[in-house]
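One-based numbering, in listed order, for ligands and for the atoms of each.
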Amino acid sequence: MKQPEIPEPPGEFDVRPLVRQLSPYAPGEQPKGAGWIKLNTNENPYPPSPKVLKAVRAAVDGRLRLYPDPTASTLRARLAKLHGCAPDHILVGNGSDEALALAVRAFVEPLDSVLGRSEPARATVQFFHPSYSLYPILAAIHGARPLPVRLDPDFQLPSDDQLAPAGWNRHAALTLITTPNAPSGRGYGRQELERVCEATSGVVVLDEAYADFAREHALPLALRGSRVLVARTFSKAYSLCAQRVGYLVGPPPLIEAMGRIKDSYNVNTLGQTAALATLADLAHCRRNLRRIIATRERLRRELLGLGFEVAPSEANFLLVRPPGPPAEEWLSAFRRRRILVRWFNLDELRDRLRITVGTDAEADALLRAASGVLRRRA
Ligand SMILES: *Cc1c(COP(=O)(O)O)cnc(C)c1O
């Protein structure tokens, strides 16, 4: 049957005001061409295991015409075994970024839908500041209320007494915690995270993108409670940024809710294959983790020796306050020497640089460049 034509009022086919006004996430630069030392996006400097590359190559054939396993069931079963839980505790995402977006969409009301009611907590996405700069953007995209809660200058978590003065909302629908913290690298203990989780009645996602570089992780909190999820990624510690595979571990009712709203085929076949092959050769990743941690500690000592302030880090990056010229000038000075690092134009971070821990050779190049900058000024 032919639909009656409804004339559109002129100007109504337009980009939504929310989208027009949105400041999108600014990813770190991915330079074209060779010869760059990339210490700006926390990628792993070591390639995936040869067994992973072989498995991915072997999966590139006529089967590319088929849709992927919609629920990544083999990968979920393998991850469940790794973490000592059942597969219904696990949701795999197209990177943990997608998993975080699903959490916002599943657990947070858009502000419009709570207008006129007194308590906007149902529409609140709470997170510590500074932490992962994607969180406020996910809230904004959803039309929810972003609620930053300030960390102290050492990036420590607030004590119970400090939470309320810092602006903490005990009923926020969703709280996102980067642990270890980014961009500082500060690690948090399981007990203090548990204390913070207990200070809210809403859902909490512990974003453990860097947990493999840290002393402690908080996975048990996601397996015991009813409101805590842990987000993990194959990107950083497992050298698979390009494949976009991350996952959430947590209570089955929350996992099931997010599964309802995800894209049917959210994780591509080669990504699932690469993740499975990675789990079959964890020894390769553990070796690289040990090397990265050793390089991190050496780079920290040597930067301290050059007069940099360096926050202690339990991640694969260092947050530094450079001596001499402003951090933004250091960014350009490194860039002229084909070294990319990250600078954040935020009040709390403007005088800092975030430097990814690369190989030992990359650390040496960075240290040579830094000495060069300092000599030129002397
Ligand atoms: C890199 C990063 C992510 C995203 O990881 P993907 O799995 O590559 O999407 C999530 N959270 C934090 C804190 C990160 O640094």
Side-chain angles (χ1 to χ4, degrees), residues 24-30 38-45 48 72 75 79 90-104 125-139 141 148 151 155 157 174-188 193 204-214 217-219 222 229-250 258 262-263 266-268 270-272 274-275 278-279 285 292 296 311 313-319 341-342 344 346 349 354-357:
Y25 181 73
E29 182 180 353
Q30 296 291 352
K38 264 198 96 262
L39 305 177
N40 64 334
T41 49
N42 298 344
E43 287 143 331
N44 197 307
L75 178 55
L79 287 166
I90 293 174
L91 176 107
V92 184
N94 186 37
S96 55
D97 280 354
E98 189 206 17
L100 297 170
L102 288 172
V104 172
V125 178
Q126 175 164 258
F127 48 87
F128 290 110
H129 179 77
S131 72
Y132 189 26
S133 54
L134 179 67
Y135 304 152
I137 296 163
L138 292 177
I141 290 169
L151 290 171
F155 306 96
L157 291 176
L174 180 64
T175 300
L176 302 166
I177 304 177
T178 317
T179 172
N181 176 261
S184 71
R186 161 79 64 185
Y188 302 130
L193 288 166
V204 180
V205 175
L206 303 174
D207 182 351
E208 292 198 330
Y210 302 102
D212 296 278
F213 304 99
H217 65 81
L219 205 80
L229 295 151
V230 161
R232 293 279 179 92
T233 173
F234 281 89
S235 294
K236 311 310 182 8
Y238 300 89
S239 305
L240 281 184
C241 284
Q243 294 282 17
R244 314 300 306 125
V245 188
Y247 60 99
L248 286 166
V249 184
M258 288 181 287
K262 77 172 188 65
D263 287 348
N266 59 330
V267 186
N268 76 78
L270 299 182
Q272 296 185 35
T278 298
L279 295 174
C285 298
I292 292 166
R296 176 185 78 199
S313 169
E314 294 194 35
N316 67 339
F317 52 83
L318 294 170
L319 186 68
V341 299
R342 195 82 190 259
F344 298 96
L346 290 173
L349 299 170
R354 192 197 67 193
I355 303 173
T356 303
V357 178

> Can you list, by chain and residue number, every protein residue with a non-hydrogen atom closer than 4.0 Å to ligand 1?
Replying inline: G95, S96, D97, Y132, T178, D207, A209, Y210, T233, S235, K236, R244

For [Y], is there any backbone N or O sitting under 3.5 Å from a side-chain donor or acceptor partner on [X]?
X: N42; Y: K236; value: no
X: Q272; Y: V267; value: yes
X: N181; Y: P130; value: yes

> Between F127 and S131, which heavy-atom pair has the shortest distance, and what is it?
Replying inline: CB-OG, 4.5 Å

> What is the minimum heavy-atom distance between G250 and L229, and which atoms define it?
Replying inline: CA-CD2, 3.7 Å

> How long is the gap from CG on L193 to OG1 on T179, to the nearest 0.5 Å?
Replying inline: 4.5 Å

